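Small disclaimer: the values here were computed from a predicted structure and weren't measured.
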Amino acid sequence: MDTDRLPGCYRHPDRDTGITCTRCERPICPECMISASVGFQCPECVRGGSGTGHRPTANAARTIAGGVVAEDPQLVTKILIGINVAVFFAGLLAPGLVVQLGLLGRYVEYFGGPVQGVSTGEYYRLLTSVFLHVEWWHIISNMIALWVIGGPLEAALGRTRYLAVYLLSGLGASALVYLLSAPNAPTVGASGAIFGLLGATVVLARRLRYEMRPVIIMVVLMLVLTFVPFGGAVRVSWQAHVGGLITGALVGLGVLTPTAAKHRALVQWGTCAVVFLLAAALIMLRTAELT
């Protein structure tokens with residue numbers, strides 16, 4: 001028997017850890033540990049509260065990013081999957097939905113028809129396109145990736161911060177597509193937002209001092225699948241993937257940077273605002289170019 005081996009987390013016995021709860025002293029892994037005023041605590045001890053009479057959220061269990069630990073830590077991911085699937089079936093019933101809501105910079109549906117697209121003021125396309133899919137393999141593969149990558153990230157960040165990463169990543173992905181793609185080339189799919197979740201996961205793994213090789217391998221593999229064509233018939237938007245990855249990493253840095261509690265909200269939401277403004281600047285630049 002290896003006496004030098006670290007104890008396993010009390011909730012995940014297969015995960016060795018050298019961290020213990022400052023209250024009950026049970027071993028806890030990085031996924032279970034919750035920042036406290038001194039050290040880290042386990043979810044059960046934090047849920048017990050301090051009995052100070054403060055408002056309920058004051059004693060609520062907190063994620064490493066400062067979000068409240070929810071009873072269902074993957075609820076937002078489930079809702080996002082539900083929305084994507086619902087929109088997919090709506091698109092099957094109304095094929096014109098993709099043309100009406102997909103990401104198109106500037107196009108004319110028929111000769112002599114009205115000019116449409118983001119450059120004409122239809123900026124909603126930058127986000128609605130993130131929830132559109134046109135093929136079964138497309139929706140299935142993206143939703144599996146969203147569940148695998150998004151679920152653990154939501155549990156680590158908390159619902160609000162996780163949703164901010166997802167939506168801003170989708171916007172950043174669409175902004176780069178709009179900037180660099182042909183204006184009449186339609187682009188749809190959640191992969192840009194999912195790449196953003198992957199970028200934030202890299203930051204999270206670094207913050208928790210996880211072994212980085214598996215995460216880096218995943219990023220490299222997904223980028224290879226982005227740039228290396230397989231079969232030739234499937235068009236993958238590298239602009240969306242790269243734009244989402246960069247945006248997610250930037251938002252993740254702001255959300256996960258260790259900061260004093262009293263300044264945390266300012267740093268986190270300030271970062272989100274800056275990233276939004278950067279995406280908006282790219283969008284305005286492209287709009288001016290097309291008009």
Side-chain angles (χ1 to χ4, degrees), residues 74-105 107 109 116-118 122-151 153-154 162-201 218-219 221-248 279:
Q74 299 176 334
L75 178 63
V76 174
T77 300
K78 294 174 184 176
I79 292 175
L80 288 173
I81 291 175
I83 293 173
N84 277 277
V85 172
V87 173
F88 174 73
F89 281 107
L92 294 180
L93 297 174
L97 200 65
V98 174
V99 176
Q100 296 169 6
L101 301 179
L103 179 53
L104 283 159
Y107 82 109
E109 188 171 357
Q116 301 179 60
V118 177
E122 298 174 344
Y123 295 109
Y124 59 84
R125 292 175 177 271
L126 295 162
L127 279 181
T128 55
S129 61
V130 175
F131 295 91
L132 287 170
H133 299 82
V134 294
E135 300 288 349
W136 283 100
W137 66 264
H138 195 199
I139 182 73
I140 291 173
S141 60
N142 274 350
M143 293 308 98
I144 291 175
L146 177 54
W147 178 254
V148 172
I149 299 173
L153 185 63
E154 180 184 351
Y162 169 76
L163 185 60
V165 173
Y166 186 88
L167 293 178
L168 284 172
S169 296
L171 179 63
S174 293
L176 199 62
V177 171
Y178 181 46
L179 180 68
L180 300 180
S181 296
N184 62 342
T187 303
V188 297
S191 56
I194 293 169
F195 262 81
L197 300 183
L198 183 59
T201 298
M218 181 183 295
V219 173
L221 177 60
M222 293 185 71
L223 287 175
V224 168
L225 294 174
T226 296
F227 288 100
V228 178
F230 292 93
V234 178
R235 178 182 175 271
V236 177
S237 175
W238 66 264
Q239 298 93 335
H241 292 185
V242 172
L245 183 68
I246 293 173
T247 305

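- How far CD1 of Ile144 is from CD1 of Ile81: 9.5 Å, rounded to the nearest 0.5 Å.
- Tyr124 pairs by the ring pair (Phe, Tyr, Trp, His ring centres under 6.0 Å) definition with nothing, not counting sequence neighbours.
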For the pair Glu154 and Lys78, evaluate side chain to side chain contact (heavy atoms under 4.5 Å, CB included) and give the outcome as yes or no after the intermediate values. CA-CA 11 Å; Glu154 180 184 351; Lys78 294 174 184 176; over 6 Å; no

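- With hydrogens and angles disregarded, a donor-acceptor distance shorter than 3.5 Å links the side chain of Glu122 to the backbone of Gly117.
- Note that CD of Gln74 and CG of Leu153 are 10.5 Å apart. Values are rounded to the nearest 0.5 Å.
- Ser191 contributes atom OG, which lies 11.5 Å from atom CG of Leu225 (distance to the nearest 0.5 angstrom).
- In this structure, the side chains of Leu80 and Val76 come closer than 4.5 Å at one or more pairs of heavy atoms.
- Across all their heavy atoms, Leu132 and Gly102 have their closest contact at CD1-N, 3.5 Å.
- Aromatic pair Phe88/His133: centroids not less than 6.0 angstrom apart.
- Considering every non-hydrogen atom in both Ser129 and Leu103, the closest pair reads CB-N, 3.4 Å.
- Inter-residue side-chain proximity for Leu197 and Leu146 is flagged as met; some heavy-atom pair is nearer than 4.5 Å.
- Note on ring orientation: taking the six-membered ring where Trp is involved, the planes of Tyr166 and Phe131 are tilted (angle from 30° to 60°).
- For Arg125 against Leu104, the heavy-atom pair with the smallest separation is CD-O, 4.1 Å.
- At a cut-off of 3.5 Å, with distance as the only test, a side-chain donor of Tyr162 or Thr77 sits close to an acceptor on the other residue.
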Could you give me the CA-CA distance, side-chain angles and deciding distance for Val219 and Leu245, then say whether side chain to side chain contact (heavy atoms under 4.5 Å, CB included) is met? CA-CA 9 Å; Val219 173; Leu245 183 68; 4.3 Å; yes

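- For Met222, the CE atom counts as densely surrounded, since its 6.0 Å shell holds more than 12 non-hydrogen atoms of other residues, nucleotides or ligands.
- Minimum heavy-atom separation, Val177 to Ala240: CG2-N, 3.4 Å.
- In this structure, Ser181 contributes its side chain and Tyr178 its backbone to no donor-acceptor pair below 3.5 Å.
- Considering CG of Leu180 and CD of Gln239, their distance stands at 6.0 Å, rounded to 0.5 Å.
- Scanning all heavy atoms of the two residues, the minimum distance from Val188 to Val98 falls at CG1-CG1, 4.1 Å.
- Side-chain contact between Phe89 and Ile139 is absent, with no heavy-atom pair separated by less than 4.5 Å.
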Might you work through the side chain to side chain contact (heavy atoms under 4.5 Å, CB included) test for Phe195 and Leu223, ending with a clear yes or no? CA-CA 9 Å; Phe195 262 81; Leu223 287 175; 4.0 Å; yes

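- The distance from atom CG of Leu176 to atom CG of Leu179, rounded to the nearest 0.5 Å, is 6.0 Å.
- A pairwise comparison of heavy atoms in Ser174 and Leu126 identifies OG-O, 2.6 Å as the closest pair.
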Decide side chain to side chain contact (heavy atoms under 4.5 Å, CB included) for Ile149 and Ile194; before the verdict, give the C-alpha distance in whole Å, the side-chain angles of both, and the deciding distance to 0.1 Å. CA-CA 8 Å; Ile149 299 173; Ile194 293 169; 4.1 Å; yes

